[in-house]
Protein chains: 2
Amino acid sequence: MPLSQTPKSHVSARGVIPDATVSRLPMYHRSLVTLAARGVILVSSEELAEASGVSSAKLRKDLSFLGSYGTRGVGYDVEFLLYQIARALGLTQEWPVVIVGIGNLGHALAGYPGFASRGFSVVGLFDTDKQRVGESVVVAGKALEVQDISKLPQVVLSTGAAIGVIATPESAAQEVCDLMVRNGVTSILNFAPVLIEVPAGVDVRRVDLATELQILAFHEQRKSQVALTQANAG
Amino acid sequence: MPLSQTPKSHVSARGVIPDATVSRLPMYHRSLVTLAARGVILVSSEELAEASGVSSAKLRKDLSFLGSYGTRGVGYDVEFLLYQIARALGLTQEWPVVIVGIGNLGHALAGYPGFASRGFSVVGLFDTDKQRVGESVVVAGKALEVQDISKLPQVVLSTGAAIGVIATPESAAQEVCDLMVRNGVTSILNFAPVLIEVPAGVDVRRVDLATELQILAFHEQRKSQVALTQANAG
DNA sequence: TAGATTGTTAATCGATTAACAATC
DNA sequence: TAGATTGTTAATCGATTAACAATC
């Protein structure tokens with residue numbers, strides 16, 4: 001599970017949206033995009049829940065925090081619900097994003113099609129490595145040149161980027177974070193395997209690729225132990 | 001069967017470990033590795049909690065599910081606690097892992113140092129792209145050649161890999177998953193932005209790089225709204 | 001109207017927290 | 001002993017679930 005350093009819950013048109021609900025909205029959004037692409041017009045809570053891997057009761061409860069966007073006896077209009085969820089998530093506006101650390105992970109993030117399609121626009125790629133600075137990376141169909149980290153302040157200022165992504169090694173993460181924050185970045189997605197310190201008002205979410213693997217190992221270990229127990233019992 | 005061969009407890013020494021606790025164990029593990037590297041011998045729940053970004057009450061509660069590994073009035077022995085957490089997570093054994101989809105993300109995963117240091121050993125890299133098959137990738141200091149996906153069954157069989165990582169585009173994810181499961185993989189880490197279907201007994205965890213960014217955008221949007229409201233009120 | 005499905009309620013379940021007895 | 005800190009308890013808080021009244 002991703003590690004959150006963000007506040008607990010949030011105010012919407014209807015009041016507070018629980019954290020647990022917010023964390024599932026991107027999944028519902030994705031399911032609806034898929035359904036819309038297939039030409040589906042209407043969807044029931046049962047069908048959308050199935051497509052998203054949750055129970056229909058949970059789905060309806062989650063959607064009720066956004067508003068009453070369904071029709072009793074009928075279901076939800078796919079396009080309309082899609083728009084409402086996108087709006088709640090903030091995906092109906094354009095978010096300029098800067099990425100620091102253009103190694104393999106940085107390249108993967110810069111080229112990820114799921115960013116552009118959700119309103120995220122990568123406006124700057126930065127590295128300290130002279131070998132990488134100047135390299136041209138294709139982002140959302142356009143070439144973007146990797147710049148020296150010293151150019152970050154100017155790019156953040158001119159684009160108004162509020163979101164920064166850290167894909168550096170652990171050793172550089174805090175320094176990069178400080179630079180971002182000093183220049184007005186107020187939301188940081190941190191892929192470096194270290195907790196970073198930020199002033200109040202700045203949100204950080206950390207994704208550690210190894211964390212999820214460790215949780216899988218935990219469950220896998222449990223499965224082997226159960227198998228062993230059954231073998232010994234039998 | 002002799003009593004000496006009877007397995008001890010199975011889920012844990014103390015019983016069931018809650019999901020919320022399991023999700024935080026990798027973080028505690030990482031904090032302890034850092035402390036140990038600094039030569040710290042003893043740590044209090046207060047200090048370890050601070051380093052891990054949780055409250056000390058939560059930390060002590062979490063650790064209590066593993067056993068009683070601290071000393072009242074003193075704290076926790078860093079090396080001993082590190083071992084106990086590693087053991088609980090299953091990191092004291094070697095986990096052979098196969099990775100399918102060796103694009104930018106696959107490369108980043110294959111080269112991630114946090115894998116090898118936690119007992120994960122990448123034993124196979126697979127792709128369908130003829131351009132990529134045959135490429136040599138440095139994994140944990142050794143060269144490993146990208147193989148055609150058709151070689152996966154043989155590698156899973158010979159290495160006993162129970163864990164597979166999917167880093168393919170969405171379109172290939174389910175097919176790759178099926179191939180893995182048919183050949184004995186029982187835990188799957190899925191980076192493709194799609195839900196995959198697996199039989200009972202197979203665990204899947206999905207990491208979507210865009211999900212976290214969307215949650216950040218949600219919070220960022222909230223911040224601007226609050227700022228706006230305050231400006232209008234003032 | 002009859003059938004279907006939402007949105008909400010209330011009960012249950014699980015996680016978090018503060019406080020402190022146990023004990024080094 | 002006096003001080004420190006764990007491990008556990010009990011209260012609180014938040015999330016999930018099943019059931020169903022509302023209503024299309």
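Protein chains get the first letters and strands the later ones, always in sequence-line order, with residue 1 at the start of each.
- Between the CG atom of Leu59(B) and the C1' atom of dA18(C) there is a distance of 15 Å, rounded to whole Å.
- For the pair Ser45(A) and dT6(C), the criterion of a side-chain N or O lying under 4.0 Å from OP1 or OP2 is met.
- The pairing partner recorded for dT12(C) is dA15(D), the criterion being a Watson-Crick or G-U wobble arrangement whose two distances lie under 3.5 angstrom.
- Regarding Arg60(A), its CZ atom lies at a distance of 15 Å from the P atom of dT16(D), rounded to whole Å.
- When both pairing distances are held under 3.5 Å, dT23(D) makes a Watson-Crick or G-U pair with dA4(C).
- The residue among Pro18(B) and Thr71(A) whose nearest nucleotide of DNA chain C is located toward the 5' end is Thr71(A).
- For the pair Phe65(B) CZ and dT16(C) C1', the computed distance is 11 Å after rounding to whole Å.
- For dT5(D), the base has no donor-acceptor partner in the side chain of Arg72(B) [N/O atoms by modelled type, under 3.5 angstrom].
- Rounded to an integer number of Å, the gap from Leu48(B) CG to dA4(D) P is 20 Å.
- The interatomic distance linking Leu63(B) (CG) with dT16(C) (C1') rounds to 15 Å, in whole Å.
- Straight-line distance from the OH atom of Tyr76(A) to the P atom of dC24(D): 14 Å, rounded to whole Å.
- Between dT17(D), dG7(D), dT6(D), one nucleotide has an atom nearer to the side chain of Lys58(A) than all others, and that is dT17(D).
- The neighbour count for Glu94(A) CD, taken as heavy atoms of other residues, nucleotides or ligands under 6.0 Å away, is above 12.
- Of the options Glu50(B), Lys58(B), Arg60(B), a side chain to side chain donor-acceptor pair (under 3.5 Å) to Ser45(B) is made by Arg60(B) and by none of the others.
- Note on Ala20(B): only backbone sugar-phosphate atoms sit closer than 4.0 angstrom, heavy atoms only; bases stay farther off.
- Atom CG of Asp19(A) and atom C1' of dA15(C) are 13 Å apart (whole Å).
- Of the candidates Tyr83(B), Phe80(B), Tyr76(B), Phe80(B) is the only one forming a ring-ring contact (aromatic ring centres under 6.0 Å, His included) with Tyr69(B).
- Counting heavy-atom neighbours within 6.0 Å of Gln174(A) CD, excluding the residue itself, gives a total above 12.
- You'll find that the side chain of Lys61(A) is closest to dA10(C), out of dT6(D), dT16(C), dA10(C).
- With contacts defined as side-chain heavy-atom distances shorter than 4.5 Å, the pair His29(B)/Leu25(B) does not qualify.
- The CD-P distance, from Gln84(B) to dT6(D), rounds to 16 Å in whole Å.
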